[in-house]
Every structure is written in C-alpha cells, then in structure tokens.
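Heads up: the structure comes next, in structure tokens.
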Amino acid sequence: MNIPKYPMDFNDSIRSKKTSEEDLNHKINAEIEKMIGFMNENHTNNHSVAFEDVLIIIDRIYEDDDSYFEISVAKQHSRGIVR
C-alpha cells in the first residue's frame, strides 16, 4: 500500500461541472440533512461525503450529558488516493 505524502501526492479538487453556487449550496444543505438522518438511524458518530469539489464531514460530539453534530464543509479541497 502506497500512502500519499502531503502536499506532493495530493491534487486540488476543482469543480468541473457547470453548477451555480446557489445550486451547489442547496445540494450541500440537502446532503447534510441526509447525512444526519443516516447517523441518527444507524447510531454512528461520524460520516463523510465527497462530491464535485466539496467534502462534508460530520462528527457527533459528546460533552457532559449532551451531544451535538459538528459539521465541516470544504470546497476545493486537496485529496490523495490509496490503492
């Protein structure tokens, strides 16, 4: 297994589709809803999805007697591939 080294083995993720910023934001918000629904149904603590040049990461955070979701959205992120 060849683990990529940052930054030389990583490529910038650039959106190649003709999606408007408004449509992309709508897609991001819909995906976040779907991801949180999946996490609640399956009792998972983290979930990530990537599409076009977007990466969404959601973590369930437990603090004291409470929990909440922390959502990270990255556009035009860098990525590497391990095969």
Side-chain angles (χ1 to χ4, degrees):
M1 177 176 5
N2 187 15
I3 306 282
K5 303 292 184 225
Y6 186 83
M8 60 243 161
D9 296 330
F10 283 68
N11 297 311
D12 288 339
S13 175
I14 299 171
R15 185 172 0 145
S16 60
K17 296 183 179 179
K18 301 276 186 194
T19 305
S20 72
E21 202 64 27
E22 183 178 337
D23 288 344
L24 185 60
N25 290 340
H26 182 274
K27 187 173 180 179
I28 290 169
N29 288 321
E31 194 63 43
I32 289 170
E33 269 190 56
K34 190 166 86 172
M35 291 170 70
I36 290 175
F38 175 87
M39 292 174 71
N40 281 331
E41 289 172 16
N42 294 283
H43 308 288
T44 59
N45 291 326
N46 51 41
H47 192 43
S48 64
V49 170
F51 56 89
E52 295 188 33
D53 68 339
V54 175
L55 172 63
I56 304 170
I57 302 169
I58 302 179
D59 294 304
R60 187 189 310 257
I61 307 297
Y62 295 95
E63 283 187 356
D64 302 323
D65 293 333
D66 195 19
S67 70
Y68 59 90
F69 293 104
E70 182 177 272
I71 303 165
S72 300
V73 177
K75 292 182 181 179
Q76 298 177 347
H77 61 285
S78 297
R79 61 182 169 200
I81 296 174
V82 177
R83 293 182 195 235

So E63 and I61, side chain to side chain contact (heavy atoms under 4.5 Å, CB included) or not? Walk me through it. CA-CA 6 Å; E63 283 187 356; I61 307 297; 4.1 Å; yes
Do the charged groups of K75 and E21 touch, with an N to O distance under 4.0 Å? yes
[Y] side chain reached by [X] side chain, heavy atoms, under 4.5 Å:
| X | Y | value |
| --- | --- | --- |
| R83 | I81 | yes |
| F69 | N40 | yes |
| M1 | V82 | yes |
| I36 | I58 | yes |

Heavy-atom pair with the smallest gap, counting every atom of [X] and [Y]:
| X | Y | result |
| --- | --- | --- |
| R60 | M39 | NH2-O, 3.1 Å |
| H47 | M35 | O-CE, 3.5 Å |
| V54 | V73 | CG1-CG1, 4.2 Å |
| S67 | Y62 | CB-CD2, 3.6 Å |
| Y6 | S78 | CE1-CB, 4.1 Å |
| D53 | H77 | O-ND1, 3.3 Å |

Say you draw a straight line from [atom1] of [X] to [atom2] of [Y]; how long is it, rounded to the nearest 0.5 Å?
| X | Y | atom1 | atom2 | value |
| --- | --- | --- | --- | --- |
| N11 | R79 | CG | CZ | 8.0 Å |
| S72 | D59 | OG | CG | 7.0 Å |
| I28 | I56 | CD1 | CD1 | 5.5 Å |

Co-membership, hydrophobic cluster, residues [X] and [Y], 4.5 Å side-chain:
| X | Y | result |
| --- | --- | --- |
| V49 | I57 | no |
| L55 | L24 | no |
| F51 | I71 | yes |

Other residues, nucleotides and ligands only: do more than 12 of their heavy atoms fall within 6.0 Å of CG on N2?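 No, not enclosed.
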Treating D23 as the side-chain partner and T19 as the backbone partner, does any N or O pair qualify as donor plus acceptor under 3.5 Å?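 Checking the backbone N and O of T19 against the side chain of D23, no donor-acceptor pair under 3.5 Å is found.
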